[in-house]
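Worksheet: one structure, shown below.
Since we're looking at a predicted model, the values are computed, not measured.
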Amino acid sequence: TLAGAINVNQRQQRYLRFRMGILNAQINSLEQRLGLSVDEAYASLVLSADPTIQELQQRLNLVEVDQRVYGRRLRLQHPVM
């Protein structure tokens, strides 16, 4: 029975290594598509839930919209820009 248990354990270890390889490949693929590492993606997720960060993001979006609107009418030499 000990030999059988060792054999089962070794098969489980091979399967787990195989699954880890698949998971690592998926993580690498996601990192490439997102352009972020796992740690960076996690930090981005956590920060995006912060109300202060959300408010700052909204303000930034409004400024960018204003910049596009003013950019059509004004030039860089204009004080508003």
Side-chain angles (χ1 to χ4, degrees):
T1 59
L2 180 60
I6 291 172
N7 191 17
V8 168
N9 188 286
Q10 288 174 337
R11 275 189 270 140
Q12 287 176 338
Q13 286 181 357
R14 281 193 297 272
Y15 175 75
L16 291 174
R17 282 192 203 106
F18 172 74
R19 290 292 298 153
M20 286 295 294
I22 291 172
L23 291 173
N24 284 331
Q26 289 174 335
I27 288 170
N28 290 337
S29 173
L30 286 171
E31 284 180 345
Q32 289 176 354
R33 287 193 315 204
L34 292 173
L36 300 172
S37 71
V38 172
D39 292 334
E40 291 168 336
Y42 178 74
S44 176
L45 176 67
V46 170
L47 289 174
S48 69
D50 185 315
T52 304
I53 299 295
Q54 289 175 352
E55 181 185 344
L56 290 172
Q57 184 65 44
Q58 289 172 350
R59 286 181 176 179
L60 179 61
N61 290 339
L62 290 174
V63 167
E64 289 174 346
V65 168
D66 286 345
Q67 186 178 24
R68 277 186 250 128
V69 170
Y70 290 134
R72 291 184 189 122
R73 295 185 309 184
L74 307 173
R75 299 291 160 238
L76 291 177
Q77 296 82 9
H78 195 280
V80 176
M81 288 298 284

task: Using distance alone, with no hydrogens and no angle criterion, decide if N28 and Q32 have a side-chain donor and acceptor under 3.5 Å apart.
output: no
Distance, nearest 0.5 Å, that separates [atom1] of [X] from [atom2] of [Y]:
| X | Y | atom1 | atom2 | value |
| --- | --- | --- | --- | --- |
| L16 | R11 | CG | CZ | 13.0 Å |
| L36 | L45 | CG | CG | 11.0 Å |
| I6 | Q13 | CD1 | CD | 10.5 Å |
| I22 | I27 | CD1 | CD1 | 12.0 Å |
| Q12 | N7 | CD | CG | 10.5 Å |

query: Can you name the nearest heavy-atom pair linking L47 to I53, along with the distance?
result: O-CB, 3.2 Å
query: Side chain of N9, backbone of A5: donor and acceptor closer than 3.5 Å?
result: no
